[in-house]
Every structure is written in C-alpha cells, then in structure tokens.
Amino acid sequence: MRIATWNVNSIRARVDRVVDWLERADIDVLLMQETKCRDDQFPDLPFVGLGYEVAHVGHSQWNGVAVVSRVGLADVEIGFPGQPGWGDPVAAEARAIAATCDGVRVWSLYVPNGRTLDDPHLTYKLDWLAKLREAGAGWLADDPDAQVLLGGDWNVAPRDEDVWDMAVFATSTHVSPPERAAFQAVVDAGYADVVRPYTEGQFTYWDYTQLRFPRKEGMRIDFALTSPALARRVTGAEIVREERKGKGASDHAPVVVELD
DNA sequence: ATGGTGGTCACACCA
C-alpha cells in the first residue's frame with residue numbers, strides 16, 4: 001500500500017495536476033492539506049472517476065484538509081479530541097481529518113503556521129501540537145498495536161539541516177526551540193518519522209518567492225509519522241521533488257510512504 | 001522575479 005501526504009495549496013487550482021500524479025504514482029491513499037475551499041466547492045468527481053472515495057472538511061477559503069482513498073474510507077472524524085480553536089468566536093478550524101483505510105488510521109493534519117515569534121498564532125500552534133500529542137498518546141495507550149499515520153504539513157523544521165540556511169531563520173518561526181520541542185513530543189509519544197531515513201538531505205517545501213526552488217533553498221516541514229506497529233510495515237519512502245516543478249505547481253512536494 | 005482567495009476591478013489576507 002502507498003500512502004502520500006501533500007499540501008496542495010488550493011485543490012481547485014491544482015486538481016488536474018493532483019489526480020494526474022495520483023494515477024501515475026500509483027497512490028492508494030492521499031492526505032491533502034490547504035485545499036482552500038468549502039466542502040460544497042471540493043471537486044469530488046475527478047477523484048471518484050478514478051475509483052477514490054473522498055472525505056473533506058473546509059469551512060472557508062482558509063485551511064481545508066482531505067483524505068482520498070481507493071482501499072476503503074471508514075469512520076471519518078473531523079478534528080481530533082481536544083483540538084484547540086482559533087478566531088472570534090473561537091472555533092475549530094479545518095485542520096484535521098481522519099479515516100480508516102485498509103486498517104490504517106490516517107490523519108491529514110495542517111498545523112497552524114505560527115506567523116511570527118511574538119504572534120498569538122504561535123501560542124495557538126504550540127497548544128495545537130501539545131493537544132495533538134495528548135490525543136496521539138491516548139490512541140496508543142488504548143491500543144499499543146494501533147496502526148496510525150499522522151501525515152501533513154507540520155510547519156516545523158525539526159533539525160538545522162531541514163532549512164537551507166539557519167542564519168536566515170534566526171528570528172523566524174518553524175525552527176524555534178519551543179516549536180521543535182512540540183514536534184519532538186509527538187515523536188516521543190511513539191510516532192516515528194519513517195520518511196527521513198529514506199530521504200536524507202531533501203526538502204519538501206520551497207517558497208514561491210526569491211527563486212527558492214531553482215536555488216534549492218527549501219525546508220523540510222511535511223512529515224508522515226507512524227505508530228510502532230505501522231512503522232514495522234514501512235518498506236520505503238520518497239519526496240517527489242518533480243511535482244514542485246513547472247507552472248501551476250504547489251509550493252510543497254508530495255511525500256510518499258510505502259507499506260508492505 | 002510569488003501564488004491563491006475573496007471582493008470588487010485595487011487591494012487585503014494568508015502562506
């Protein structure tokens with residue numbers, strides 16, 4: 001089974017590219033982030049036409065996450081238990097959706113960006129990750145053999161080598177100690193980054209500005225973390241840099257996990 | 001040397 005996660009940065013602007021890649025790359029389950037549309041605007045038909053079932057949550061032009069699967073899609077869950085909200089009035093944003101696909105509990109996650117180090121949005125981000133860790137620890141406490149995949153755009157670069165130049169990020173989000181600690185806490189709860197061992201030195205995201213992609217100035221911020229039982233099934237992984245190329249590309253590349 | 005969205009046709013917001 002092949003599971004992928006991809007921040008598509010608007011599914012309506014990108015649907016042709018996404019379904020074309022799904023078919024070429026032989027993907028069974030795709031987790032998408034930043035669909036940037038409401039549920040009634042999501043383009044189901046191209047996916048259904050290829051034999052995929054679709055689960056999506058989107059409340060506005062912001063955020064939006066989806067799971068599409070051709071190996072079953074059951075027990076869809078919008079948001080994780082304890083997921084913090086944002087806004088006035090405070091409400092859960094469309095940043096987490098889960099489904100069970102061929103026995104694997106997959107979560108498509110879009111972690112808040114944080115914006116700047118002194119912004120309330122950073123506090124929201126840290127709280128969001130802390131609550132995700134708490135929920136994730138709970139799933140493993142309930143069932144140590146659970147097959148869980150936490151995939152998505154984490155908006156954290158856990159290591160210095162996950163950005164092209166640490167000096168540029170001296171006062172930025174994504175690399176700060178609290179953000180890295182919040183990410184590591186999820187790992188310590190039992191969720192391993194199964195992609196990094198197969199993709200050393202690679203990035204998953206390149207800003208549209210400043211010719212970042214041709215200059216190879218990217219970041220590794222998209223991750224698939226798996227529970228211990230699922231980690232034992234992983235036979236490979238890749239970051240598909242090709243999909244960042246050309247006109248009409250998302251600023252993120254897809255990340256693929258291969259399971260036996 | 002950015003791109004997507006919405007509301008309006010010039011800009012604000014988010015990334």
Side-chain angles (χ1 to χ4, degrees), chain A residues 5-21 31-43 46 56-66 83-97 108-129 151-158 162-165 168-176 179 182-183 203-223 239 241-255:
Chain A
T5 182
W6 195 2
N7 179 322
V8 295
N9 187 11
S10 171
I11 189 57
R12 287 176 294 170
R14 216 81 62 206
V15 64
D16 291 346
R17 276 189 80 123
V18 170
V19 297
D20 178 64
W21 177 76
L31 315 178
M32 284 178 273
Q33 301 85 38
E34 276 209 275
T35 57
K36 288 188 169 176
C37 67
R38 299 186 309 268
D39 292 342
D40 62 288
Q41 298 173 306
F42 189 94
H56 174 260
V57 61
H59 306 309
S60 68
Q61 72 268 48
W62 310 125
N63 313 308
V65 284
Q83 181 183 323
W86 179 254
D88 183 18
V90 173
E93 296 185 303
R95 293 181 179 274
I97 189 169
S108 179
L109 304 167
Y110 180 44
V111 177
N113 175 285
R115 299 178 185 170
T116 59
L117 291 178
D118 59 358
D119 195 295
H121 207 261
L122 184 73
T123 308
Y124 171 47
K125 177 182 193 173
L126 296 174
D127 188 35
W128 206 93
L129 284 166
D153 177 356
W154 293 71
N155 272 316
V156 177
D162 296 336
V163 300
W164 77 94
D165 181 0
V168 174
F169 288 82
T171 59
S172 301
T173 59
H174 293 61
V175 300
S176 74
E179 289 166 273
F183 179 88
F203 297 135
T204 66
Y205 161 86
W206 299 261
D207 196 294
Y208 284 124
T209 68
Q210 310 293 125
L211 296 171
R212 293 295 185 213
F213 183 64
R215 288 178 171 155
K216 305 185 188 314
E217 296 172 344
M219 305 170 72
R220 182 192 288 261
I221 55 175
D222 300 273
F223 296 93
I239 296 165
R241 190 177 175 280
E242 279 294 311
E243 289 306 309
R244 179 62 179 79
K245 293 181 179 175
K247 202 166 173 60
S250 168
D251 42 3
H252 295 252
V255 176

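Quick note on labels: first sequence line is chain A, next is B, and so on, each numbered from 1.
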Worksheet item: What do you reckon, is CD of A/Gln41 surrounded by more than 12 foreign heavy atoms closer than 6.0 Å?
Response: yes

Practice prompt. Report the relative orientation of the aromatic rings in A/Trp206 and A/Phe213; use parallel for angles under 30°, tilted for 30 to 60°, perpendicular for over 60°.
Written response: perpendicular

Discussion item. Using atom P in both nucleotides, what's the gap between B/dA1 and B/dT5 to the nearest angstrom?
Written reply: 24 Å

Discussion item. I'd like to know whether the aromatic ring centres of A/Trp128 and A/Trp86 sit less than 6.0 Å apart in this structure.
Written reply: no

Fill in: Pair A/Asn113, A/Lys125: side-chain N/O donor-acceptor within cut-off below 3.5 Å
no

Item to complete: Please state the P separation for the pair B/dC13 and B/dT8 - nearest whole angstrom.
Response: 14 Å

Fill in: Reading 5' to 3' through nucleotides 8-15 of chain B, protein heavy-atom contacts under 4.0 Å coded B for base, S for sugar-phosphate only, - for none
-----BSS

Worksheet item: Between A/Thr5 and A/Gln33, does any side-chain donor sit less than 3.5 Å from a side-chain acceptor?
Response: yes

Item to complete: Take the protein atom NE2 of A/His59 and the nucleotide atom C1' of B/dT5, then report the distance between them rounded to whole Å.
Response: 17 Å

Practice prompt. Can you tell me the pairing partner of B/dG7 across any strand shown, Watson-Crick or G-U wobble, with both distances under 3.5 angstrom?
Written response: none

Worksheet item: When the P atoms of B/dA10 and B/dC14 are considered, how many whole Å apart are they?
Response: 23 Å

Item to complete: Can you tell me the distance, in whole Å, between the CH2 atom of A/Trp206 and the P atom of B/dG3?
Response: 17 Å

Worksheet item: Heavy atoms, side chains only, cut-off 4.5 Å: are A/Arg212 and A/Asp251 in contact?
Response: no

Fill in: C1' atoms of B/dG7 and B/dC11, separation to the nearest Å
9 Å

Worksheet item: Is any side-chain heavy atom of A/Phe42 less than 4.5 Å from a side-chain heavy atom of A/Met32?
Response: yes

Worksheet item: Are any of A/Arg12's side-chain N or O atoms less than 4.0 Å away from OP1 or OP2 of B/dG6?
Response: yes

Worksheet item: For B/dG7, is chi within 90° of 0 (syn) or not (anti)?
Response: syn

Practice prompt. Write down the atom of A/Tyr110, the atom of A/Asn63, and the distance for their closest heavy-atom approach.
Written response: CE2-OD1, 3.3 Å

Discussion item. What residues from residues 241-249 of chain A pass a heavy-atom cutoff of under 4.0 Å to DNA chain B?
Written reply: none

Fill in: Distance below 4.0 Å between A/Gln41 side-chain N/O and B/dG6 OP1 or OP2
yes

Item to complete: Compare all side-chain heavy atoms of A/Glu179 with those of A/Leu117 and state whether any distance is below 4.5 angstrom.
Response: yes

Discussion item. Using whole Å, what does the distance between atom P of nucleotide B/dT2 and atom CZ of A/Arg212 come to?
Written reply: 11 Å

Item to complete: Find the distance A/Arg215:CZ to B/dA1:P and express it as a whole number of Å.
Response: 11 Å

